[in-house]
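All remarks here apply to the structure that follows.
For ligands, and for the atoms within them, numbers begin at 1 and follow the listed sequence.
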Amino acid sequence: MAYTRVSDANEITARYMDSILIGERLIDSVVADESAVLLGEKFSSPVMTPAFSHLGNMNGRELTGLEEYSLAAKECNILNFCGMMENDMFKKIVDTGAKTVRIVKPYADNAKVRDQLAFAEAEGAFGVGMDIDHIFGENGTDVVIGEEMAVQTTDMLRSYVESTKLPFVVKGVLGVEDALKCADIGAAAVIVSHHHGRLPYAVPPLKVLPDIVKALKDTGVQVFVDCGIGSGADVYKALALGADAAAVGRSMLPSLEKDGAAGVAEFLRKVSSELRYIMSCTGFGTVRDIDDSMLIM
Ligand SMILES: Cc1cc2nc3c(=O)[nH]c(=O)nc-3n(C[C@H](O)[C@H](O)[C@H](O)COP(=O)(O)O)c2cc1C
């Protein structure tokens with residue numbers, strides 16, 4: 001029989017997540033409350049939006065996709081993220097009223113990094129951060145839409161953390177060593193992620209999550225996760241393996257494209273409701289209680 005090699009981290013991640021099964025614990029259980037405290041604030045759910053960029057206007061609608069999903073995050077009271085963009089676009093996103101973490105790119109132009117972090121704080125961002133998993137490309141450091149990226153040192157990251165009063169989130173942590181460095185520089189949270197499979201054979205975030213959670217225990221650093229999250233079951237598994245929250249990703253795009261903010265709000269509610277249902281069926285009353293005792297792996 002022919003053997004097919006699979007190097008696509010997205011497919012490996014999906015297979016791993018689907019291999020994790022869930023048992024039931026119904027007697028004495030209650031209807032769960034899925035609200036979550038993230039970066040010091042209470043949100044209606046541990047489901048978050050992804051740090052997306054470059055979403056134009058969809059189906060001829062007036063607002064960009066970035067503004068539309070931010071409006072949905074506001075409506076659902078969930079933590080919002082955005083990615084690579086200029087300050088004028090970021091301003092439009094904060095103006096939606098969503099509590100937004102701005103993930104700045106590891107630009108080679110360090111003045112641009114600092115300008116975007118400072119602008120975000122001045123305009124009322126909820127948090128800031130950087131996607132450290134977009135430094136390298138196949139020819140060295142990456143060039144993203146004409147913008148050069150650069151290696152980021154521990155000292156550089158520490159200086160960003162020290163430059164802002166906002167919580168700083170490091171996105172793209174996929175190993176214990178980087179996680180410990182994030183704790184050392186004073187990051188408020190890490191996002192365990194392979195940035196939709198940038199690295200061949202990248203370990204599924206949920207597979208490395210327990211080790212990272214263990215390493216960060218008692219540091220106060222929250223652990224978020226993304227990649228392949230598209231249902232309440234996916235979020236439940238992430239929480240059961242120690243995450244504080246999980247971000248949906250491309251899974252929200254069909255709803256966004258079709259129905260804009262209303263479509264994303266409906267999608268986010270569906271994911272949160274499924275999470276609540278599974279929590280109830282597994283005997284966990286709050287997200288803080290969830291552990292891996294009902295996962296079969
Ligand atoms: C259209 C698009 C734009 C993205 N832009 C950014 C970005 O600017 N910064 C960033 O950190 N991640 C960015 N990402 C990655 C997402 O934040 C997230 O890590 C990834 O999509 C998760 O994988 P999934 O889509 O398979 O769930 C982008 C992803 C997509 C699909």
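Counting non-hydrogen atoms of neighbouring residues, nucleotides and ligands closer than 6.0 angstrom, the OH atom of Y277 reaches no more than 12 such neighbours. When the shell of 6.0 Å around CG of N59 is examined, it contains more than 12 heavy atoms from other residues, nucleotides or ligands.
With respect to the salt-bridge test (charged N to carboxylate O, under 4.0 angstrom), the residues K92 and E86 do not qualify.
Within 4.0 Å of ligand 1, contacts by protein heavy atoms are made from A51, F52, S53, G83, M84, I103, K105, D131, K171, S193, H195, H196, D226, C227, G228, G249, R250.
Aromatic rings from F126 and F81 are positioned such that their centres are separated by 6.0 Å or more.
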Derivation of the salt bridge (Lys or Arg N to Asp or Glu O under 4.0 Å) call for R198 and D142: CA-CA 12 Å; R198 297 199 73 240; D142 208 3; 2.9 Å; yes
Let me check something: any side-chain donor-acceptor pairs from residues 285-292 under 3.5 Å, sequence neighbours excluded? List them with distances.
unit_1	atom_1	unit_2	atom_2	d
T286	OG1	R288	N	3.4
T286	OG1	D289	N	3.4
T286	OG1	D289	OD1	3.4
T286	OG1	D289	OD2	3.1
D289	OD2	T286	N	3.2
D291	OD1	S293	N	2.9
D291	OD1	S293	OG	2.5

